[in-house]
Each structure stands twice: as structure tokens, then as C-alpha cells.
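Working notes for the structure below.
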2 protein chains.
Amino acid sequence: MKNENNEVILEGKSERIYKTLMDSILEALKNGTLNPGDRLPPERKWAEEMKVSRSAVREAVRALEMIGLVSCRQGGGTFINENYRLTMFQPMTISHRLNHGTLSDIQEYRQCLEIQAAKLAALHATDEDIRILESLVRKMNRADNTYEGSIYDRNFHSKIAEISGNCLIRDSLASVEALLDEIIDDVRSIIFQSARNTRLLHDQHQQIIDSLRNHDAASAGKYMSEHMELIVRLLK
Amino acid sequence: MKNENNEVILEGKSERIYKTLMDSILEALKNGTLNPGDRLPPERKWAEEMKVSRSAVREAVRALEMIGLVSCRQGGGTFINENYRLTMFQPMTISHRLNHGTLSDIQEYRQCLEIQAAKLAALHATDEDIRILESLVRKMNRADNTYEGSIYDRNFHSKIAEISGNCLIRDSLASVEALLDEIIDDVRSIIFQSARNTRLLHDQHQQIIDSLRNHDAASAGKYMSEHMELIVRLLK
DNA sequence: TTATAAAATTGGTCAGACCAATATGCAATC
DNA sequence: GATTGCATATTGGTCTGACCAATTTTATAA
């Protein structure tokens with residue numbers, strides 16, 4: 001780093017430059033200066049602004065890309081991912097791969113998180129939340145193909161995770177989705193393949209919603225548990 | 001409400017070099033060519049071997065470092081982390097920070113995973129596993145300071161996560177440890193600070209071990225649940 | 001106005017250099 | 001022989017400048 005200007009960029013120990021750059025991005029995201037979909041400055045310009053080399057900038061971009069926060073398009077630019085939560089836990093995928101993980105591993109992991117999410121959601125759900133969930137279930141019912149239905153199902157679970165108010169649980173479950181996608185083709189369409197299953201799933205969804213409406217955490221957990229058991233059975 | 005866009009990433013195009021390099025490391029780790037503690041080739045040499053520029057190598061190293069697989073020591077070299085599981089979920093820390101996460105978030109997340117781990121461990125625990133757990137509890141009892149005791153406590157929980165046989169749960173819990181460390185100073189010493197607590201914790205640990213020995217998943221889950229509730233209460 | 005091609009922009013890669021922290025080897029010392 | 005201290009080599013960290021490749025923007029022609 002140049003000493004020409006008496007800028008105090010680093011305090012104490014000399015931290016790696018790319019980490020400093022990363023932090024500035026994280027900070028901007030946190031306080032809303034930067035938002036999903038936004039474009040980062042071009043590498044050359046950013047480097048100039050921060051008075052560092054382009055190499056340092058590129059290392060920061062690489063790090064941000066690795067944790068799923070940004071995507072780079074050659075010639076286009078680098079952008080904050082629209083839904084960066086979905087890939088935030090990319091290392092989970094790598095871990096699963098390195099450890100020869102099985103489908104059961106994913107199911108067991110998902111199971112307890114979904115149940116916990118449902119319990120927490122029961123404590124926090126607002127009327128508006130309930131309305132949205134019911135709307136999703138209605139759409140799910142009316143869906144005329146398995147794919148469309150599966151999308152609403154996915155939204156249903158995401159919404160509950162959102163309502164839970166717990167960012168770790170929410171993000172983990174989003175990552176589970178990604179992981180499942182990677183392992184099974186068209187995961188949810190499998191679930192919706194028979195009319196009988198669809199009916200069963202509908203009833204379970206409704207039971208969960210009712211529990212949330214009554215702010216009955218125990219009940220929500222119980223019904224979500226049953227729901228998960230069904231899904232586990234169907235995916236076998 | 002935003003539409004879900006399930007992007008299917010197409011292979012076949014020229015992949016980024018750093019990803020190729022990463023993959024070779026992951027592959028080497030998977031088949032045992034590389035092991036924790038091993039040193040990666042010097043950047044210059046590695047670049048030459050792979051017939052790429054050093055920049056490309058550095059981007060790969062950066063990516064590996066970001067997901068917690070390797071650590072770099074200037075002048076020393078780059079090494080596979082001894083226990084890379086511990087930092088595999090570093091993005092969790094970032095997510096927690098970006099979302100203004102609370103201690104409750106961590107507790108709720110940990111709670112359901114520890115319980116699930118205990119249940120699964122009950123199904124898989126061997127006599128050897130039980131022996132190790134009992135040894136840990138004995139050492140915990142004999143520990144003459146809170147710090148030493150806290151280490152054994154940590155090992156106790158890690159061991160159960162290990163016994164569960166689920167890599168995702170195990171790695172997630174390891175990450176929770178790291179996250180707690182980052183937020184609270186000397187987390188577990190707080191827990192062990194009073195003799196009365198120590199006694200309570202000891203009994204709970206013993207109950208959990210007994211459940212594992214009997215391969216009683218329900219019981220293991222119940223006692224771990226009580227254990228977690230106590231911990232939550234103590235950390236408040 | 002639209003379609004097409006040239007130019008500018010921007011990420012991807014490369015080469016070579018120097019700095020800073022660490023590791024290594026060797027000589028001096030005890 | 002073992003230890004210490006220092007010069008040297010090694011290795012990661014950063015910088016500069018260049019060229020390639022994909023994309024976007026602009027200018028031009030129909």
C-alpha cells in the first residue's frame with residue numbers, strides 16, 4: 001500500500017487488503033447503500049478509488065463470489081446476487097460432497113430445521129403472513145401441472161422460514177433447497193406426482209397454517225413433523 | 001412478490017480457471033491424496049505445473065481460503081486446515097452479521113440441531129463411542145478450572161455430532177461454536193461458573209449418555225432438549 | 001425507426017517485478 | 001555436539017501494465 005497520502009486505512013495489524021474490500025461491501029449491504037441487483041464498480045475504477053491494485057480487488061471479488069454474494073459476467077460487470085441467501089451456504093454443498101454425504105443427511109438436517117422454523121413462525125406470524133400462506137396453498141391447489149405446484153410449495157416453505165424470523169434457519173433451509181436441486185432432478189415434482197399425494201400435502205399445509213394462526217407452536221411443530229415424514233417417504 | 005427463477009447453470013462453456021484448480025484440490029482431498037495439515041505447492045510452482053498464471057492460482061487459493069479449507073501464511077506456505085470443518089460454514093457468520101442476527105438466532109438454530117444430533121447418535125452409537133463420552137464427562141468432573149471443563153464440554157458435544165453420522169449437522173454445529181466464540185467471550189466458562197450449574201450439567205450429560213447406550217432416540221432427544229434449555233437460560 | 005457494425009467497456013488471464021514474513025542453512029559460539 | 005545468530009532462499013502479498021474475450025454502448029447505414 002502506498003504511503004504517499006496519510007490515509008489511515010488499516011488500524012493495528014495489517015489486514016489483508018481483500019478482506020478490507022470485502023468488509024466495505026458487506027457494510028454497504030448492511031446499511032442499504034448497496035442492494036441486491038446493484039452493480040459493483042468496475043474493477044479498475046474500484047481499485048483506483050481504494051488506491052489498491054486491481055489484483056487486490058479481484059481477490060475480493062473472488063471471495064465475494066465464493067460465498068455467493070456476487071456474480072460476475074465477463075464484459076458485463078459484477079452484481080450483487082438478487083437472492084444471495086440461496087447460495088450463501090455454498091460450502092455446505094462442498095462439505096456434502098467431500099464427506100460423501102447422502103440424501104438422508106440432507107433430509108435429517110432439513111427435518112429439524114423445518115420443524116423449528118414452524119414452531120418459531122407460530123410465535124411470530126401476523127395476519128398478513130397467514131393471508132399469504134393461504135394464498136399460496138390456494139394457488140398450489142389450482143396449479144394445473146406438477147411444476148407450477150412445486151414452485152408454490154417451495155414458496156410456502158420459504159415463507160414459513162421467513163416468518164420464523166431466524167436468519168440462520170432461513171438461510172440454511174434455502175441452501176438445503178439448492179443442495180436438493182443439485183442431487184435430485186425436479187425434486188418437488190416427484191412429490192406432487194400423484195393426486196393422492198397432492199391431497200395429503202394440501203391437508204398438511206392447511207393444518208400447519210391453522211397452527212400458525214392460533215400461534216400454537218407445539219401444534220405447528222407436530223404437523224410440520226408429519227409433513228416432513230411424508231416427504232421423506234415420498235423421496236425414497 | 002418476486003418470482004422464483006430457477007436458473008439452470010449450463011456446463012460445457014469454458015470454466016473459470018480458478019474453479020478448475022479448486023476442483024483438483026477438492027478431488028485430491030476426497031480421494032486422500034491431500035490431507036488436513038498438508039501443504040499446497042508454492043503458488044509459483046503450482047502455476048507452472050498447471051500451465052496457468054500465478055494470478056489464476058491465487059484466485060483459487062483465495063476461494064479455498066474463503067470457504068475455510070486452507071490457510072495461508074506469508075512466507076510459510078498454504079496449508080489444508082487441520083480441521084477444516086470448523087470454518088466450513090464461515091458464510092454463516094457473514095449472514096448473521098448482514099441480518100443483524102441475535103444470540104437467540106444462534107440458540108434456536110443450535111437447539112434443534114443438537115437435539116437431532118442426539119437422536120441420530122442414539123441410533124449409531126457404538127460401545128467405543130460411549131466409552132469416549134464417559135471419559136469426557138469424567139474429565140469434565142475432575143477439571144479444576146472452568147476453562148478446562150469447558151474444553152471437555154465442547155468435545156462432548158462435538159463427539160455426539162460426530163456419532164450422529166450426519167456431516168451437515170456435524171459441520172453446522174461446529175460452525176455454531178465458532179459463531180458463539182465470535183459473539184461471546186469465553187462462552188462455556190460462563191456456563192460452568194457456578195458449582196451448582198456444573199452439577200446440573202453433569203447429570204444431564206450422564207442422562208444423555210445413558211440414552212445413547214440404550215439406543216433410545218426419543219430419550220436422547222428429550223434430555224438434550226432439557227440440556228439446551230438450561231444452556232439458553234444460563235447465557236441470558 | 002430499425003438493423004448492423006464499429007468502438008468502448010469490463011471481466012479473465014498473463015507476465016514480471018518488488019515487498020514482507022517465514023524458513024533454511026551455515027558459521028560462530030558455548 | 002548442541003545451540004545460537006545471521007545471511008540467504010523461499011513463499012505469500014501486492015503492484016503494474018498488458019492483452020484477450022464477452023458484453024454493452026455508440027455510431028452508422030438502410
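These values consider heavy atoms only, across backbone and side chains, with no hydrogens, waters or symmetry-generated copies. Residue numbering restarts at 1 for every chain, and letters A, B, ... go by the order of the sequence lines.
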Problem set entry | Closest heavy-atom pair and its distance - B/Asp105, A/Gly165 | OD1-O, 3.7 Å
Problem set entry | Protein-nucleotide distance (B/Met50, atom CE; C/dT13, atom P), rounded to Å | 13 Å
Problem set entry | C/dG11 base / A/Arg44 side chain donor-acceptor hit below 3.5 Å | yes
Exercise. Could you give the CZ-to-C1' distance, from B/Arg58 to C/dG12, as a whole number of Å?
Worked result: 16 Å
Exercise. Rounding to a whole Å, what distance do you find between A/Arg16:CZ and C/dC19:P?
Worked result: 19 Å
Exercise. Expressed in angstrom and rounded to an integer, what is the separation of A/Arg39 atom CZ from D/dT23 atom C1'?
Worked result: 10 Å
For this session: Under 4.0 Å between any heavy atoms, over every strand shown, what does B/Val52 touch: base, sugar-phosphate, or nothing? Just pick one.
Result: sugar-phosphate
Exercise. Quick one: which of D/dG12, C/dG12, C/dC14 gets closest to the side chain of B/Pro42?
Worked result: D/dG12
Problem set entry | Least distance between heavy atoms, A/Met224 atom then A/Ala118 atom | CB-CB, 3.8 Å
Exercise. 5'-most contact on DNA chain D: A/Ala56 or A/Gly76, nearest heavy atom basis?
Worked result: A/Ala56
Exercise. Which whole-number value in Å describes the distance from B/Leu21 CG to C/dG12 P?
Worked result: 15 Å
Exercise. Can you find a donor-acceptor pair, distance only, under 3.5 Å between B/Arg54 side chain and D/dG13 base?
Worked result: yes
Problem set entry | B/Glu48 CD - C/dT13 P separation (whole Å) | 19 Å
Problem set entry | salt_bridge(B/Lys30, B/Asp23) N-O dist < 4.0 Å | no
Exercise. Would you call B/Arg16-B/Glu59 a salt bridge at under 4.0 Å N-O?
Worked result: yes
For this session: Could you tell me how the ring of B/His205 sits relative to the ring of B/His157: parallel (under 30°), tilted (30 to 60°) or perpendicular (over 60°)?
Result: perpendicular
Exercise. Is the distance from OP1 or OP2 of D/dG13 to the nearest side-chain N or O of B/Arg62 less than 4.0 Å?
Worked result: yes
For this session: To the nearest Å, give me how far apart CD (A/Glu59) and P (C/dT13) are.
Result: 14 Å
Exercise. What nucleic acid atoms does A/Arg73 come within less than 4.0 Å of, heavy atoms only: base, sugar-phosphate, or nothing?
Worked result: sugar-phosphate
Exercise. Do B/Ser164 and B/Asn166 get their side chains close enough for a donor-acceptor pair, meaning under 3.5 Å?
Worked result: no
Give each protein N/O atom lying under 3.5 Å from an N/O atom of nucleotides 6-8 of chain C, with the pair distance.
none

Problem set entry | Pair B/Glu114-B/Tyr109, side-chain donor/acceptor within less than 3.5 Å | no
Problem set entry | Atom pair distance, as rounded to whole Å: CD1 in B/Ile17 and P in D/dC20 | 15 Å
Exercise. At under 4.0 Å, does any side-chain N or O of A/Ser53 touch on OP1 or OP2 of D/dT14?
Worked result: no
